[in-house]
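Written out below as structure tokens is the structure these notes cover.
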Amino acid sequence: MQPSTVRCGSAGIVLPIDEMEQSELTVPDAVYGTFRLPSFVRAVTEAPEFVRLKYLKQLGVSNAVFGTARHTRYDHSLGACYLSGRLLDAVNKTLNPPVTEDERKCVMLAAALHDIGHGPFSHLWEKFVEVYGAPWRHERSSVELAHRVLDRLENVSVKQIALICALIRGDATDLLTSDRQFLTHIVSSDVDVDRCDYLQRDAYHVPGVIEPSRPFRQMFDRVRVVTVEGKARLAYHWQDYPLVYEMACARQAFHRRCYQDVEVLGAELMMLDVMHEAERAGFRFTRNIRMGSGALPGLIRTVVDR
């Protein structure tokens, strides 16, 4: 029997899955300390499209104003993946039947890949390419790039890929039974692992903006699944509702005091001027932007903001 393989990048390098997945992925993290992710995450993180996230800063050009804001989309993606596993562990304490390994795999891969479609300088890239008639949205790009990466993994089925992409979009309702509807809210909702991680991570690297009473991730420790109008939903312990409220307020605080800080916005405008001038001079950022054709531009896999 031939071993399962994965093709790495356009070069066509083929590696046996069992060699890539023989161990868990150990991640030394500034926010959570060292944690481990399942072996199936390792193959995804070694894809060139994912490795590229190491060179995309989470907060774009904000480090021009907040010097320590140099954390990356790579850090955030692994952090969100870790939180999704932590949430599922908590859910399984009381859920019957518990989350299956197949469901766990899909949720954690969706969390890991949810930001893979971001361009250089974070959301600034979307503002840049729109001038040239390309309606770039990182949500759509993430789904397309995630599908591309997962399609190369021979141990991920077509059905799993469909669910993972739907979980990233936040519209997996039609693919889940009523008792599994809660899965669609883990990666994309008002209270999800994406928002929980980036607020904690941004707060760590841009100190002084918010001061939560407890780490936001602790709200997942007592999460349960309840049935509302025939569908399963995530429910948080009443003692954790102040933390949920704090996280909502923290997002607004970061928008006011960091994301939309007047100096940060000024730095973005200057970077846009630089990029437009480079475009006019012949760098041609937009030469391969073909959104709507069904094919993601190769450019997004190579242009970074370091």
Side-chain angles (χ1 to χ4, degrees), residues 6 25 37-38 40-54 56 58 72-88 91 99-119 122-123 125-126 135-153 155-177 180-199 201 220 232-234 251 291-292 294-297 300-301:
V6 56
L25 179 66
L37 296 174
F40 57 76
V41 177
R42 176 183 290 276
V44 166
T45 62
E46 293 181 357
E49 295 90 340
F50 195 90
V51 172
R52 168 185 163 276
L53 298 181
K54 291 181 178 181
L56 297 185
Q58 177 79 9
T72 66
R73 292 280 167 187
Y74 183 90
D75 303 327
H76 165 57
S77 297
L78 294 184
C81 183
Y82 162 72
L83 289 183
S84 69
R86 180 169 175 159
L87 188 154
L88 291 173
V91 163
V99 172
T100 66
E101 286 304 309
D102 180 73
E103 292 167 338
R104 183 183 186 86
K105 180 178 183 178
C106 290
V107 170
M108 294 191 71
L109 287 179
L113 293 166
H114 79 280
D115 266 357
I116 197 172
H118 267 281
S122 192
H123 297 282
W125 175 256
E126 297 173 13
W136 190 285
R137 290 293 179 269
H138 74 272
E139 296 89 351
R140 176 181 175 183
S141 306
S142 291
V143 169
E144 294 190 22
L145 268 181
H147 197 289
R148 178 182 300 203
V149 170
L150 295 168
D151 194 49
R152 297 201 302 263
L153 301 179
N155 66 334
V156 181
S157 69
V158 172
K159 184 177 179 181
Q160 288 174 327
I161 292 175
L163 178 56
I164 292 167
C165 290
L167 289 171
I168 294 174
R169 289 192 302 266
D171 63 359
T173 300
D174 292 340
L175 300 180
L176 298 168
T177 57
R180 285 307 194 250
Q181 290 296 310
F182 69 93
L183 295 175
T184 197
H185 301 296
I186 294 175
V187 177
S188 180
S189 67
D190 290 333
V191 182
D192 58 28
V193 296
D194 172 25
R195 186 170 298 182
C196 183
D197 181 82
Y198 79 67
L199 286 172
R201 198 166 298 279
F220 297 143
R233 295 284 187 264
L234 292 177
R251 182 170 178 266
M291 297 309 292
L296 263 176
I300 193 171
R301 294 185 288 117

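Keep in mind it's a predicted model, so treat the numbers as computed, not measured. All values below were derived from every heavy atom in this structure, side-chain atoms included, with hydrogens, water molecules and symmetry-related copies excluded.
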Walk me through whether R169 and R140 qualify under side chain to side chain contact (heavy atoms under 4.5 Å, CB included). CA-CA 8 Å; R169 289 192 302 266; R140 176 181 175 183; over 6 Å; no
As a quick check of understanding, evaluate side chain to side chain contact (heavy atoms under 4.5 Å, CB included) for L88 and L183, giving each step before the final call. CA-CA 9 Å; L88 291 173; L183 295 175; 4.2 Å; yes
Side chain to side chain contact (heavy atoms under 4.5 Å, CB included) between V91 and L234: does it pass, once the steps are laid out? CA-CA 9 Å; V91 163; L234 292 177; 4.1 Å; yes
Give the C-alpha distance, both sets of side-chain angles, the deciding distance and a yes or no for side chain to side chain contact (heavy atoms under 4.5 Å, CB included) between V193 and I186. CA-CA 6 Å; V193 296; I186 294 175; 4.1 Å; yes
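Side-chain contact between F182 and V99: present, with at least one pair of heavy atoms (C-beta onward) separated by less than 4.5 Å. Residues R148 and I116 are not in side-chain contact: their nearest non-hydrogen atoms beyond the backbone lie 4.5 Å or more apart. Counting heavy atoms from C-beta outward, W125 and H138 have side chains that stay 4.5 Å or more apart. Side-chain contact check for F50 versus L78: some heavy-atom pair is nearer than 4.5 Å. Side-chain contact between T173 and Q181: present, with at least one pair of heavy atoms (C-beta onward) separated by less than 4.5 Å. At least one side-chain heavy atom of V107 sits less than 4.5 Å from a side-chain heavy atom of L167. Looking at D192 and L83, their side chains never come closer than 4.5 Å, going by heavy atoms from C-beta outward. Side chains of V44 and L150 form a contact here, defined as non-hydrogen atoms less than 4.5 Å apart.
Looking at D75 and Q58, their side chains never bring a donor and an acceptor atom within 3.5 Å of each other. For the residue pair R195/S189, the side-chain donor-acceptor check at 3.5 Å is not satisfied. Between the side chains of H76 and D194, at least one donor N or O sits under 3.5 Å from an acceptor N or O.
When every heavy atom of A172 is checked against every heavy atom of L163, the shortest pair comes out as CB-CD1, 4.0 Å. Smallest separation of non-hydrogen atoms from R152 and P48: NH2-CD, 3.8 Å. Minimum interatomic distance between A110 and I168 (heavy atoms only, all atoms of both residues): O-CG1, 3.7 Å. Here the shortest heavy-atom pairing between V41 and L25 reads CG1-CD2, 4.4 Å.
When atom types are taken as modelled, the side chain of S77 and the backbone of Y74 share no donor-acceptor pair closer than 3.5 angstrom. Using a distance-only test at 3.5 Å, with no hydrogens or angles considered, a donor-acceptor pair links the side chain of H114 to the main chain of A111. Counting only distance, with no hydrogens or angles, the side chain of E103 and the backbone of T100 share a donor-acceptor pair below 3.5 Å.
Here the SG atom belonging to C196 is positioned 9.0 Å from the CG atom belonging to L87, to the nearest 0.5 angstrom. The distance from atom OG of S157 to atom NZ of K105, rounded to the nearest 0.5 Å, is 7.5 Å. The distance from atom CZ of F40 to atom CG of N155, rounded to the nearest 0.5 Å, is 10.0 Å. With rounding to the nearest 0.5 angstrom, the CG atom of L56 is 9.0 Å from the NE2 atom of H118. In this structure, NE2 on H147 lies 14.0 Å from OG on S142, to the nearest 0.5 angstrom. Rounded to the nearest 0.5 angstrom, R73 CZ and D115 CG are separated by 4.5 Å.
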